Structure formats: structure tokens, C-alpha cells
Amino acid sequence: MSESTPNAKGPAPVQYTPEATEPTLIPADQVKPEDIGTLSIEYRDGWAVVVASGGTYIPAGLTVVDRIGNAVAVYTATSVAAAQARAGGHKVGLCLELEP
């Protein structure tokens, strides 16, 4: 069946726009330290937001550590459109409890 057949079974057709493409990954050793943005975390309407200030690059991944330095979570960068598509257009708020 073609993708334009009404009531066709299978995956929906996908159109990629510039907003939906994945970010371009550049090896960290090819980026000057002064070109990497400074990251901070803010809470907006109850959601944690990572804010990049300055620079023209951000890390492709972040490791979260607890107060004694143990890795407890890893975040990987993706495009906003791809993240929204995975979440079905919904914001999903989850928290990870750290050991006391």
C-alpha cells in the first residue's frame, strides 16, 4: 500500500523539517573551550530547564552526580522536535530520588 492510501496500515509518513533534524555532533577536541556555553539550571513553571549562556556549542551529554560524586543519571541532547515526538507532544515530568 502506498503511504497516501486512506486507512493504510503501518507507520505514518514522516516529513523532516530543519526544526526536526538531530543536532550536528562535533568532537569535543575540535571545539575551543571559550566556544562552549556556560550551563545553569533554572526552574520554570515547575520544570527544570538547562540554560546555555555565551558560546556557540553545548555538551551533547550531561552526567548528573550526587553530593559525593557518584554518577546517578545521564542526559543526552536531541532536537526539541524529536523529544516532543517521542513524548507524543506531552511534557512528562519525572524526578529521580537520590539516596540520602
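Residue numbers count from 1 along this sequence. Everything numeric here is computed off the predicted structure, so don't read it as measured data.
With sequence neighbours excluded, no residue forms a side-chain hydrogen bond (donor to acceptor under 3.5 Å, both in side chains) with Gln30.
Other residues, nucleotides and ligands place no more than 12 heavy atoms under 6.0 Å from the CG atom of Asp45.
Other members of the cluster containing Tyr57 are Ile26, Val31, Ile36, with ILVMFWY side chains joined at under 4.5 Å, either directly or via other members. Cluster partners of Val51, using a side-chain heavy-atom cutoff of under 4.5 Å among ILVMFWY residues and allowing indirect links, are Val49.
Across all non-hydrogen atoms, the minimal contact from Pro59 to Ala77 is O-CB, 4.2 Å. Between Ala52 and Ile58, the shortest heavy-atom contact is CB-CG2, 3.7 Å.
The cluster map of Ile, Leu, Val, Met, Phe, Trp and Tyr, joined by side-chain heavy atoms under 4.5 Å apart, puts Leu62 and Tyr43 in the same cluster.
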